[in-house]
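Throughout, protein chains are lettered first and strands after them, A, B, ... in sequence-line order, and every chain is numbered starting at 1. As a basis for the values below, the full set of heavy atoms in this structure was taken, side chains included, without hydrogen atoms, waters or symmetry mates.
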Amino acid sequence: MPAVPGTQPRLSETAQHLVRRFTYGYNRRLEADVLRHTSVDAWLETQVKAGPDPDADAVLNWFPRLKDSPATAWENNKAERYGGWQYGDDLVKYSLARRVVATNQVHEMMVDFWSNLLHIPVGEGSSFPWRMHYDTHAIRPHALGTYRALLRAAVTHPAMSGYLSNHRNTKTQINENLGRELLELYTVGRTAGYTEDDVKGSARLLTGFTVGVNKDFAAGYDPTKHHVGPVTVMGRTFTNAAADGRAELNAYLDWLAMRPETAARIARRLCVRFIRDDPPQSSVDAVTRTYLSSGSDITACLRTLVRDPGFLASKFQKARTPAEDVLATQRACDIVPTGAGPDSHVNSFSWLCSWIGQAPFQWPRPDGSPEQSDTYLSPARLLRGWTARSWMANANGEVKKGTRPLPRDLVPPVWPLALEDLVHHQAVMMTGRRATTETVNGVATLMAKAPSHVFKAEWERNEGHMTWMLTLVRTAILSAPEAMLR
Amino acid sequence: MTDGHDASCADYGVSRRNLLKSAGVLAMAGVTTSMFGDVLASTAYGATNGNILIVLSLRGGADGMSMMVPHAEPAYYAARPNINVKKAQLMGADDTFGLHPSFKPLEELWNSGRMAAIHAVGLPTPNRSHFEAMELVEDADPGSSERIGWLNRVIGCFTSNDVFDGIQVGSTVMPTSLIGPEPSFATSDFSSLSAPWADNVDLGPRLRSMLATMYRDAGTVIGRAGQEALALDRRAGAIADEEKKGPQHGAVYPQHNELGKALASSAALIRAGVGVRAIAVDFGGWDHHVDISWRISSQIEQMSKCIAAFLTDLGTHASRVTIVTLSEFGRRLGQNGAAGLDHGYGNAVFAFGAGVKGGYYANWPTLSAGKQVDGDLAVTIDYRSVLAEILETRFPEVGVGTVFPGLTRSSLGFMSPY
């Protein structure tokens, strides 16, 4: 029998690995995008430039309330027209839908990464009116820029001030909350050995920012609340002589961003996300060096990372988080949302993520949800994950406000059709790879047929029957261990 | 942080509720979230009879002085002219304390010496932020940046290392007490913890067979997780079957009450005999800045009815179950302008059930002006000491020093030696 079209991978192993790590999952659209480039490296260069992405930007139109100003959002919440939780819910769905449809996958991935490092839960009472603005003005513009600029934008943002009490941090009454997290989570880390006095100094440099939390949420800077006078943090003294302390704060943040301890922490976090839960120290060191020599250039760090031997040797060594899992499964099935609203398919994204173990943007503490993927590998998650896959694999499932391929377009135009060819055809379509022997045998088990079965009887060609066979094949491919890994 | 109590409270009200609503949980009823922090004995399906800890988190800062009323203190009545509870109304009053009359559904428990009331408990240093205080309470590891919840450390002490590990029920927002390296998970019911097509007599077994083969040789982490999942699938069915039977022994939970639902689920989990060790349940709605009198009366009554029903529902299993309440802080001594109470400090803790020696316990600091901390009841008992005493007496295999690093304490005596 001649080779059935669509049963061989079109990307190299290396390209598949890079794409698995830096996108929300394989589909035919992604494959075509990569193939438009001369190499996967060229594709990555296009990706880190993150040009216009009209498909992703259109998603914002499905959630018109996300365009509300902070003042409007607060008024709507007070009047119980639209609650803070609803704004949060919209932001979750917006972000997840973007990740499914975006062409700029690497940008979306890095927005996700930095949102988690500089985490502010959505719907949180002291920050929700500003939370969308935080996404659009602090995180997205800097996600592929420098960490130095990102840190400034995030730490001085009204959402951060509200969430970590900096609006209540004044020269007369220091609130250490943000000053501490700045050192502990966002820059040097506890192992840098700073003291309680350093934390207080850090907080003093942060005084002056105002947010009318639970009043009007107006944000500004009030020099009369700023602590003036020398402040020492980790051995460095800031004269802090001006009434307006923002210039000195920026100097402090820049200094923190470029500390070697910060470089090593950010590099490790990148390596944990993109290499392994326990990345090789040599990989971390290489990214640290690039971070320091490039002035915290995030794109430069990513280039170093993907060329590192540790990265290349880490294929299938990260488990997908529940959110990555849901999105990758959606993409594998080529389910594309086209709108939001009651009963829309988009609603199932966040619900499914939560249901299998990770509510996106809702980690209840400032440290962000764990980057270690094995955290999410509880047996209960696997059970729920398999069940969710069996739903999404249903080749005939209804998708409201969204599209999915017609079953007849999923079957290779070949008859008779060997079971094995059907499985490889589906696997290449959904994952870019041929199925393993275990998966082929698994499909045979599920269908109660021999692996050598050939579909040739006319009734087997019947659309209803073939749709059911496709559902079983897809369930098996999506439930295989490698589909849980990236 | 003397300013902005109202603001920080509104933060709390909005934020927690918002998080929960967006997670699809109804917050209006009693329970805001509930989660199960449980570990099953490794292979002893249906055979285990170990002790069980229920941690009931009264989120919002419950007013301990309304629950365990210091009726002998003139300062109490002076500071709360409109919202005090009169001595004559109190249940089981002694010379110093008495219980709020809404504890009535637990009167038999109290009279039979299975309910302990412990006062002036709290964090070693005052913290009146819901967020920060709850995080401190649930981490229970001051000075550390590890951010590992104390219940997670308890789980880590069990040697069973079984598939259930930590499970949160009712919400997917993980409580900080359970966060840590030991696996934890969110679920709302047990019937959903089975493999796909579980009810299909043809496909169900074939799918399980396929998964068993695929994951058997899949390598360390993912392969093991897959095999444990198939083991969980077998047991979750038994729990779901138990759940379907409904409350037993004539237990009647209050209607439309989320705490009741969570405890009924917990009772089914315990009755199923699969080896659960610790369950934590969130019971919100205690942030009473306004009109505290009727609000807290209703809260205490609902809680008491639920606990009474739970202990009935458990039947003979009740002899294994100890319940403890925790709240992130107490409330001010003095009432505010809205007949409510703002955030304070020292608080009351209650323990019920197995191993509890009933009665009042306190190293009572009094409410005299010189003993107050910024106008609040002082703390004389570290809340970790309360938990440690329960762990030590009911879970000898748990290292108290591991769960609460650096804690120095003396015995409070509200638990019987095991």
Side-chain angles (χ1 to χ4, degrees), chain A residues 77 83-86 88-89 92 121-126 128 165 168 173 175 177 184 190 213-215 319 350-351 354-355 357-359 362-365 367 374-375 377-384 386-387 389-391 438-439 441-443 445-448 475-476 479-482 484-485, chain B residues 1 3-4 7 10-24 129 132 135 145 147 163-165 167 172-176 179 181 183-187 192-197 202-203 206-207 209-211 213-215 217-219 221-223 225-226 228-229 231-233 236:
Chain A
N77 179 75
W85 69 273
Q86 287 169 298
D89 205 31
V92 171
V122 296
E124 191 276 327
S126 307
F128 80 86
S165 323
R168 287 159 62 182
Q173 193 130 38
N175 183 305
N177 202 354
E184 180 171 337
R190 275 289 283 231
V213 170
N214 291 320
K215 294 182 184 78
S350 48
W351 182 82
S354 303
W355 194 68
Q358 183 187 31
Q362 290 184 45
W363 185 256
R365 304 190 312 214
D367 58 340
D374 64 12
T375 305
L377 280 181
S378 81
R381 177 264 168 97
L382 260 72
L383 281 170
R384 289 270 181 78
W386 290 330
T387 298
R389 286 166 157 77
S390 74
W391 295 335
E438 290 76 16
T439 300
N441 290 337
V443 170
T445 302
L446 204 51
M447 290 178 174
T475 298
S479 303
E482 58 272 18
M484 299 248 173
L485 305 171
Chain B
M1 290 209 283
D3 64 331
D11 294 357
Y12 174 81
V14 174
S15 67
R16 182 104 195 149
R17 191 158 60 239
N18 285 348
L19 284 171
L20 295 167
K21 270 193 188 166
S22 58
S129 148
E132 288 176 35
E135 185 164 327
S145 63
R147 296 178 197 256
V163 296
F164 252 96
D165 300 332
I167 297 185
T172 52
V173 181
M174 196 66 75
T176 37
I179 289 171
S184 48
F185 187 75
T187 188
S192 66
L193 290 180
S194 23
W197 298 317
D202 292 326
L203 269 180
R206 281 192 242 146
L207 184 92
S209 165
M210 176 189 89
L211 293 170
T213 310
M214 279 178 168
Y215 283 80
D217 303 319
V221 182
I222 191 80
E228 287 180 344
L232 169 58
D233 167 56

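Of the residues considered (B:Gly223, B:Gly226, B:Ala218), B:Gly226 shows the highest number of contacts with chain A, using heavy-atom pairs under 4.5 Å. When each of A:Val92, A:Leu446, A:Thr445, A:Asn441 is scored by its heavy-atom pairs under 4.5 Å with chain B, the top score falls to A:Leu446.
Under the side-chain contact (heavy atoms from CB on, under 4.5 Å) criterion, A:Leu485 pairs with A:Phe316, A:Ala319, B:Ile222, not counting sequence neighbours. Partners of A:Thr475 under the side-chain contact (heavy atoms from CB on, under 4.5 Å) rule, at least two apart in sequence or in another chain, are A:Ser390, A:Ala393, A:Thr471, A:Ser479, B:Trp197, B:Leu207.
Contact annotation: the side chain of A:Phe128 never approaches that of A:Gln86 to less than 4.5 Å [non-hydrogen atoms, C-beta and beyond]. Contact of the A:Met484 side chain with the A:Arg389 side chain is registered, since non-hydrogen atoms from C-beta on lie closer than 4.5 Å.
Using a 4.5 Å cut-off between heavy atoms, A:Ser350 makes no contact with chain B at all.
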